[in-house]
Amino acid sequence: MLAQKPTRSTLAAAVLMASVAMPALADKASETLNVAFTKELENVDSYFNSSREGVVLQRAIWDGLIYRNPETNEYVGNLATSWEWIDDTTLEFKLREGVTFHNGEAFNADDVVFTVNFVANEENGVKTQRNVNWMKSAEKIDDYTVRIHLKEKFPAAIEFLSGPVSMYPNEYYAEAGPSGMGLKPVGTGPYKVTEVVPGQHFVLEANGNYHDSPKGQPEIATIDIRTIPDVNTQMAELFSGSLDLIWQVPADQANKLAQMGQFTVANESTMRVGYLQMDAAGRSGEDNPFTNKLVRQAVNHAINRQELVDALLQGSSKVVYTPCFPSQFGCVQDVTEYDYDPEKAKALLAEAGYPDGFSIDFYAYRDRQYAEAITSYLNAVGITTNFNMLQYSALREKNMNGEVALSFQTWGSYSINDASAMVSQFFKHGALDSTRDDEVLEWLNVADSSTAPDTRVEYYTKALQKITGEAFWAPMFTYNTNYVFKDEVAYTPTSDEVLRFVDMSWK
């Protein structure tokens, strides 16, 4: 069983504060919404970070050619007014006229061509290659017509173009580059950036010249975002009135805040999956035990997934055994499942040559409470963990360099509802692939490129059944997100885990 967590003193202090003073009203007078981020964002340039906070800013500052309605999943034009497939690897777009970037540059085909050609070139170092490496190049037909050429058939192209592929101003980006864009971001989106203190503070102002976008028009004039890593500090500031909205609040604290009746607490499912990544490929050293399938199976049997969901995540979270989110196209559920069986885990470790277990460095970047609970399960079967909590960017770099044998990770697929956004991100021999299985690679290449839905499902099934059968990972649960905000704020969260400032208003 999970150990009972002690009451957090900071939370108690916040509750006491609430009992002796009325919470301050939201900052409606100055039209400023004060928001907290938990994780430090390394670079605001949306192509050079891979965090959820980066996705939030990306959707506020920039636009893509296409927009997917988060409620209906319908694709509609955004910076493009229409599109059509010229052939299996060529998409043609008619672009919206009269759109300007925040710096006054006019949007046209030159911006699309420059953006696509820059991000598709692997030498330019886009952090999440899977989001862009399916594109070969872009071609200008005229000022408001452009074609994007794919490297090969990629049926998920429209989904990706509606999500992580944003359009940048060609003249500004050619001069500023990723570092300049990170300090002074320029997009066409509903909000423009007026201040950046890297990793700490971001100020957004409503774009008064925003085009007729399906995103809608911004209603709140200013969004002031501060990075506050400690959730208890965030809650204390919520009570004091210096914050109006916090998110990704752990279930226990969210439940207590809901009981007070002073804030709106909203819980919504997400596409994020929590998993243990094991170095099955042996990149982290010769003494790495996870090259042994029996050890990986032992880890899978050691985790009580249902207890984690019931005791810690709660809300709409569910147990998963797949390295993808169940609703994603191709994320079949007919896979190997591992029941919670610590005695079987110990027996498997003994059979693998570790009757007394072993010690291993264990890494995580978020949700310390979840990570500590996972380590308690591993310790109970003889896997002694040396726990290391790192910043997300630092852990990602260690993973890319093959320096991590065991880590607790999460992935939200950039809210892309296709298995390629997760399975193919981590199992196609890229820098983050800890398995390097040639057969899985071959199957995923077919699944990612086939235009026949049945063929895609067939080959994702092959890949997922081998990934789970070989216990390459230990998928555990889906996430939900708790949003807490003052009653003066009107907001309805969506299930894609994108905090949309353009959808917020004052009551």
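Residues take their numbers from the sequence shown, with the count starting at 1.
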Looking at [X] and [Y], what are the two nearest heavy atoms and their distance?
{"X": "Ala345", "Y": "Val381", "answer": "CB-CG1, 3.9 Å"}
{"X": "Thr336", "Y": "Tyr321", "answer": "O-CB, 4.0 Å"}
{"X": "Ser413", "Y": "Met422", "answer": "OG-CB, 3.5 Å"}

Side-chain heavy atoms of [X] within contact of [Y], under 4.5 Å:
{"X": "Ile66", "Y": "Asn78", "answer": "no"}
{"X": "Ile246", "Y": "Ile228", "answer": "no"}
{"X": "Val265", "Y": "Phe485", "answer": "no"}
{"X": "Asp45", "Y": "Tyr173", "answer": "yes"}
{"X": "Asn49", "Y": "Gln58", "answer": "no"}
{"X": "Glu497", "Y": "Met271", "answer": "no"}
{"X": "Phe426", "Y": "Pro323", "answer": "no"}
{"X": "Arg130", "Y": "Lys428", "answer": "yes"}

What's the separation between atom CG in Leu65 and atom OH in Tyr75, rounded to the nearest 0.5 Å?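 Those atoms lie 14.0 Å apart.
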To the nearest 0.5 Å, how far apart are CG in Leu245 and CG in Asn34?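 The CG atom of Asn34 is 10.0 Å from CG of Leu245, to the nearest 0.5 Å.
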Do [X] and [Y] have side-chain atoms, one donor and one acceptor, less than 3.5 Å apart?
{"X": "Thr385", "Y": "Asn379", "answer": "yes"}
{"X": "Tyr365", "Y": "Thr410", "answer": "yes"}
{"X": "Ser434", "Y": "Asp279", "answer": "no"}
{"X": "Thr128", "Y": "Gln425", "answer": "no"}
{"X": "Ser327", "Y": "Asn417", "answer": "yes"}
{"X": "Ser407", "Y": "Gln409", "answer": "yes"}
{"X": "Tyr377", "Y": "Glu307", "answer": "yes"}

Testing Asn255, Thr481, Asn482 one by one against Asn267 for a side-chain hydrogen bond (donor to acceptor under 3.5 Å, both in side chains), which residue passes?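 Among the candidates, only Asn482 passes.
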Does anything in [range] form a salt bridge (charged side-chain N to carboxylate O under 4.0 Å, His left out)? List the pairs, not counting sequence neighbours.
{"range": "residues 217-226", "result": "Arg226-Glu237"}
{"range": "residues 198-210", "result": "none"}
{"range": "residues 380-407", "result": "Glu42-Arg396, Lys127-Glu397, Lys398-Glu403"}

Quick one: side chain to side chain contact (heavy atoms under 4.5 Å, CB included) partners of Asn209, sequence neighbours excluded?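 Asn207.
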For Glu74, what residues pass the side chain to side chain contact (heavy atoms under 4.5 Å, CB included) criterion, not counting sequence neighbours?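 For Glu74, the residues satisfying side chain to side chain contact (heavy atoms under 4.5 Å, CB included) (neighbours in sequence not counted) are Thr72, Val76.
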Verdict with supporting geometry, Ser50 and Tyr392, side-chain hydrogen bond (donor to acceptor under 3.5 Å, both in side chains): CA-CA 9 Å; Ser50 56; Tyr392 171 72; 2.8 Å; yes
Residue among Leu276, Asp367, Leu312, Leu406 satisfying side-chain contact (heavy atoms from CB on, under 4.5 Å) with Ile374: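 Only one option passes, and that is Leu276.
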Would Phe358 and Val295 satisfy side chain to side chain contact (heavy atoms under 4.5 Å, CB included), going step by step from the backbone distance to the final call? CA-CA 10 Å; Phe358 58 84; Val295 173; 3.9 Å; yes
Review item, side-chain donor-acceptor pairs of residues 296-303, under 3.5 Å, at least two apart:
| from | atom 1 | to | atom 2 | distance (Å) |
| --- | --- | --- | --- | --- |
| Arg296 | NE | Glu470 | O | 3.0 |
| Arg296 | NE | Ala471 | O | 3.3 |
| Arg296 | NH1 | Phe290 | O | 2.9 |
| Arg296 | NH1 | Thr291 | O | 3.3 |
| Arg296 | NH2 | Glu470 | O | 3.0 |
| Asn300 | OD1 | Arg305 | NH2 | 2.8 |
| Asn300 | ND2 | Arg296 | O | 3.0 |
| Asn300 | ND2 | Trp473 | O | 3.1 |
| His301 | ND1 | Asp339 | O | 2.9 |
| His301 | ND1 | Asp339 | OD1 | 3.3 |

Relative to Tyr67, does Arg500 satisfy both conditions: NZ or CZ under 6.0 angstrom from the six-membered ring centre, and within 45 degrees of the ring's axis?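 Because its charged atom misses either the 6.0 Å distance or the 45° angle limit, Arg500 does not stack over Tyr67.
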Check: Phe472 ring centre within less than 6.0 Å of Tyr275 ring centre: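 Ring centres of Tyr275 and Phe472 not closer than 6.0 Å.
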Once side chain to side chain donor-acceptor pair (under 3.5 Å) is applied, what residue pairs with a partner in residues 181-194 remain, sequence neighbours excluded?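 Every side chain to side chain donor-acceptor pair (under 3.5 Å) pair that includes a residue of residues 181-194, provided the two are not neighbours, is Asp63-Thr188.
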Apply the test side chain to side chain contact (heavy atoms under 4.5 Å, CB included) to residues Thr492 and Asp503: give CA-CA distance (whole Å), side-chain angles for both, the deciding distance (0.1 Å), then the verdict. CA-CA 8 Å; Thr492 301; Asp503 289 343; over 6 Å; no
Begin from the C-alpha positions of Val423 and Ile467 and carry the test side chain to side chain contact (heavy atoms under 4.5 Å, CB included) through to its verdict. CA-CA 10 Å; Val423 185; Ile467 290 166; 4.0 Å; yes
Can you name the residues that form a ring pair (Phe, Tyr, Trp, His ring centres under 6.0 Å) with [X], not counting sequence neighbours?
{"X": "Phe329", "answer": "none"}
{"X": "Phe325", "answer": "none"}
{"X": "Tyr47", "answer": "Tyr168"}
{"X": "Tyr414", "answer": "Trp411"}

Measure the acute angle between the ring planes of Phe263 and Phe239, then classify it against the limits of 30° and 60° as parallel, tilted or perpendicular.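 Ring orientation, 0 to 90° scale: perpendicular.
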By salt bridge (Lys or Arg N to Asp or Glu O under 4.0 Å) - contacts of Asp418 (at least two apart):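 If we apply the salt bridge (Lys or Arg N to Asp or Glu O under 4.0 Å) test to Asp418, skipping adjacent residues, the hits are Arg456.
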Please assess Val35 against Leu243 for the test side chain to side chain contact (heavy atoms under 4.5 Å, CB included), listing each intermediate value before the final yes or no. CA-CA 6 Å; Val35 180; Leu243 283 177; 5.7 Å; no
